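Contents: one structure, followed by commentary.
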Amino acid sequence: MKYYLPLAFVLTLSFSAAAQNQKIEKKIDSVLKLMTLDEKIGQLNQYTGDRDATGPITNNPNKLKDIRDGKLGSMLNVRGAKETREVQEVAMQSRMKIPLIFGLDVIHGYRVTFPIPLAEAASWDLAAMENAARVAARETAASGVHWTFAPMVDIARDPRWGRVMEGAGEDTYLGSKIAFARVKGFQGKGLGNLDAVMACAKHFAAYGAAIAGRDYAAVDMSDHTLWEVYLPPFKAAVDAGAATFMNSFNTLNGIPATGNAYLQRDILKDKWKYTGFVVSDWGSIGEMVDHGFAKNKTQAAELAIKAGSDMDMESRSYLPNLAKLVADKKVPVALIDDAVRRVLRKKFELGLFDDPYRFSNEARQEKELNSPENRKASLSMAEKSIVLLKNNNQVLPLAKNLKKIAVIGPLGKSEKDMQGFWSIAWEKDNLVSLYQGLKNKLGDKTELLYAKGCEISDSSKTGFAEAVEVAKQADVIVMAVGEALDMSGEAKSKTNIHIPGVQEDLIKAIQATGKPVVVLVMAGRPLIFNWTADNVPAIMYTWWLGSEAGNAMANVLFGDYNPAGKLPMTFPRDEGQIPVYYNYLSTGRPAKNDKDTRYRSAYLDLPNSPKFAFGYGLSYTTFEYADLALSATELKMDGKIEVSFTLKNTGKYDGEEVAQLYLQDKFASVVRPVKELKDFQKVMLKAGESKKITFLINKEKLSFYNQQLKWGAEAGDFKLMIGTASNNIKLEKDFALVE
Ligand code: GLC
């Protein structure tokens, strides 16, 4: 039932918002008028605190004096109600008494850690991801921090790049929906609320396309690919009201993003009419010297401010250079004023001019952090993020009356690795390893055995014998293998993304006992584990699941939660296939299947197909897709087609299915992908239950950027596909778009 607010009420609301904005603009004007040029430049300067450095530190013993002298507008990596209050008190000793804003990398949770964003993306549950960000925002705001440097919305097609863990994977449609949801989650009912923090869409732009998957490396792509694949999630973040943007370390087609006026002014601030502010990434302004784009930091400062970089994080380029650049008439003061206005606007919206200490409240912090409600949200998100890759002979779910279970592998008792990279404020309070999660569930009913077997990445097999002996005593073996938490993340690119060390040899040794084996792979990126995938009957991808990891894994292992995750990123068979992704362009000689290689676009030594496809994931139950119907097979430009089909749970467990809708534009003025995700629905069905699912197709879903980068749809023939994975299409039908 749709409720329409009375027009008068809506108009009043919008008038009051406009009036509020007008009021803030007047206040900004009055503050700007009182500020010296140095004080204005101070607002564009950000330093890190010393506790959680997240980049190369410059030793600076005068930070507090600089704050007192009005030389800082913001700090990152200062957190805690007490600590933020203390630093804010110093800012209140400055002449202008302009409050600082405190920023922090709350990428997947603050004190309660959530699954890494790539894992959350595997849930395809937008409401759950929004809620996860909401919880993170509540804990962050309660800790005196006003701003998170999240969501990272970089599309990534290369698992050699360690920061894939931080984003939503390879798909533009899914990534845009997730970007929108996470911004809404962080900002809640809006800035100024004491449970809301500023979001920061990063890294603008195309950072995930670093050549060879090597972090910080150059990015080179057509403007068409930039607009078609990498920019939409940022536009979604703007549409969601993201308060800030962060630029990226990479060059884009030869111009560093930090000094790239096409990105930051033409697209973001002009075309998208963005009124928030852009913070540089750590040191990225000064790094334009290393890029070979600026002769020195003075020129770097000039290039950056002109290109629309508003705040200088930790490169110390703006503070010592901007005043002289203004005096030398190289930088108009109007550019400084625009940047300062953007920063002050957020400080007013946060209510910090009314009360600089309003977020620094120890009682609220005490109540909010690590609360049972927050842990419950983390547990639910973790359960939803698990992807069941294989379950032959119904090894899973495990029976609850097993006498002995052996937990084997180097991640079986790890708590720290479950927090994942970019977990910044967790503490040793009841983190739950896989072993502990099983203990919590089984109590004394089942005997839990344990053997580490080997380390994560060294070559010693001396622990194998003991592990095999332990396995022989058990009814079932649950193996925990994968990456340590510092093997994916920033500056963690790898050329070899096989499961590290001798862990797969350990799996082989345990498999050889003939006992039922379940392998849980824990990692921040897609890994390669072909032998395990081909030989072990039951495999789950559990990523890094956060504070409640073990409880979530236990609930899924025993069927108290039926897994429904779907891969947000393609898993290659070998590094040699990378980049490999589902929405590739056809060629003039497409290989029809893995065997079709003669004069075809294919490899001599591997199939083109990946090990596991985008959108793939199993359930303990099964689903049937039937009765596809289109309300028409011709779509008028301003019309719509209703698509419907019947989804049935044909198994014996209640479960959720992510039904995916893909479209193919069969020919167009620019070659189009063989298929593109254009909608999805996550549906809960009881065992035996059927439901009619409907989607709507309109020209927006058929639109793309043409050769002139104009967005629009072209009449022609299309194929509609409904599937349970990008490589498992269940229903399809052709239709046409007509003028
Ligand atoms: C880091 C990251 C960025 C982060 C920032 C502050 O280098 O690239 O994502 O927000 O610095 O820690």
Side-chain angles (χ1 to χ4, degrees), residues 45-58 72-79 100-110 116-118 133 136-137 140 145-156 161-168 179 182-183 186 197-210 213-217 219 233-234 237 242-252 256-258 276-288 290-291 304 309-317 420-425 486 488-493 524:
N45 185 35
Q46 181 189 58
Y47 288 159
T48 182
D50 298 327
R51 183 156 82 166
D52 310 304
T54 50
I57 279 282
T58 307
L72 256 76
S74 169
M75 288 197 80
L76 72 152
N77 299 329
V78 173
R79 58 187 170 86
L100 294 168
I101 35 177
F102 295 110
L104 190 70
D105 292 285
V106 182
I107 307 299
H108 53 107
Y110 179 82
I116 54 174
L118 189 61
T140 304
V145 176
H146 311 117
W147 180 20
T148 176
F149 303 128
M152 186 271 224
V153 301
D154 300 305
I155 294 298
W161 188 54
R163 299 195 78 163
V164 295
M165 53 73 57
E166 209 175 331
R182 300 198 78 214
V183 168
F186 286 126
V197 293
M198 295 201 295
C200 181
K202 71 183 187 183
H203 305 79
F204 195 59
Y207 179 35
R214 199 172 59 252
D215 207 355
Y216 315 128
V219 169
F234 288 99
T244 65
F245 263 53
M246 182 184 290
N247 62 34
S248 55
F249 290 120
N250 56 283
T251 53
L252 175 62
T258 306
F277 70 84
V278 178
V279 63
S280 79
D281 202 340
W282 186 299
S284 70
I285 293 176
E287 287 174 8
M288 289 200 282
D290 306 85
H291 276 295
S309 291
D310 298 305
M311 185 179 279
D312 174 1
M313 179 195 286
E314 268 296 329
S315 99
R316 294 163 166 73
S317 303
F421 196 84
W422 288 120
S423 45
I424 204 150
D486 61 357
S488 286
E490 182 175 356
K492 309 293 180 195
S493 297

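We use all heavy atoms of the structure for the numbers below, so side chains are in, but hydrogens, waters and symmetry mates are not. Keep in mind that what you see is a predicted model, and the values were worked out from it rather than measured. Note that ligands are numbered from 1 as they come in the structure, with each ligand's atoms numbered from 1 the same way.
Those atoms of ligand 1 with a heavy atom of E490 less than 4.0 angstrom away are 1 (C), 2 (C), 7 (O), 8 (O). Counting atoms of ligand 1 from 1 in the listed order, those under 4.0 Å from a heavy atom of H203 are 3 (C), 8 (O), 9 (O). Shown in contact with M246 at under 4.0 Å from a heavy atom are these atoms of ligand 1, numbered in order with element: 3 (C), 10 (O). Close contacts of ligand 1 with K202, meaning ligand atoms under 4.0 Å from a residue heavy atom, involve 3 (C), 4 (C), 9 (O), 10 (O). Proximity to F249 (heavy-atom distance under 4.0 Å) selects the following atoms of ligand 1: 7 (O), 8 (O). Distances below 4.0 Å separate heavy atoms of L76 from the following atoms of ligand 1: 6 (C), 12 (O). Shown in contact with F149 at under 4.0 Å from a heavy atom are these atoms of ligand 1, numbered in order with element: 10 (O). Near W282, with a cut-off below 4.0 Å to any heavy atom, the atoms of ligand 1 are 7 (O), 11 (O).
Polar contact check, R163 against ligand 1: a nitrogen or oxygen pair lies under 3.5 Å apart. Distances between N or O atoms of N77 and those of ligand 1 include no value under 3.5 Å.
Among I424, D105, T48, the residue whose heavy atom sits closest to atom 10 (O) of ligand 1 is D105.
Although no hydrogens or angles enter the test, the distance criterion places a donor-acceptor pair under 3.5 Å between the side chain of H291 and the main chain of F249. A donor-acceptor pair under 3.5 Å links the side-chain atoms of D310 to the main chain of V278, judged by distance alone. Distance alone, capped at 3.5 Å, is enough to place a donor-acceptor pair between the T148 side chain and the V106 backbone. With H108 contributing its side chain and P117 its backbone, the two residues share no donor-acceptor pair below 3.5 Å.
For the atom pair CD1 of I107 and NZ of K202, the computed distance is 3.5 Å after rounding to the nearest 0.5 Å.
At the top of the distance list for atom 5 (C) of ligand 1, counting protein heavy atoms only, stands D281 OD1, 3.4 Å.
Counting only heavy atoms from C-beta outward, the side chains of N45 and M311 never approach each other to under 4.5 Å. The closest side-chain heavy-atom distance from C200 to F245 is not below 4.5 Å.
Checked for salt-bridge contact, R316 and E314 meet the test: a charged N lies under 4.0 Å from a carboxylate O.
When non-hydrogen atoms are compared, ligand 1 lies under 4.0 Å from neither the backbone nor the side chain of Q46.
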(message) Does Y207 form a ring pair (Phe, Tyr, Trp, His ring centres under 6.0 Å) with W161? I'd like the steps, not just the answer.
(response) CA-CA 10 Å; Y207 179 35; W161 188 54; 5.0 Å; yes

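Heavy atoms of M152 stay at 4.0 angstrom or farther from ligand 1.
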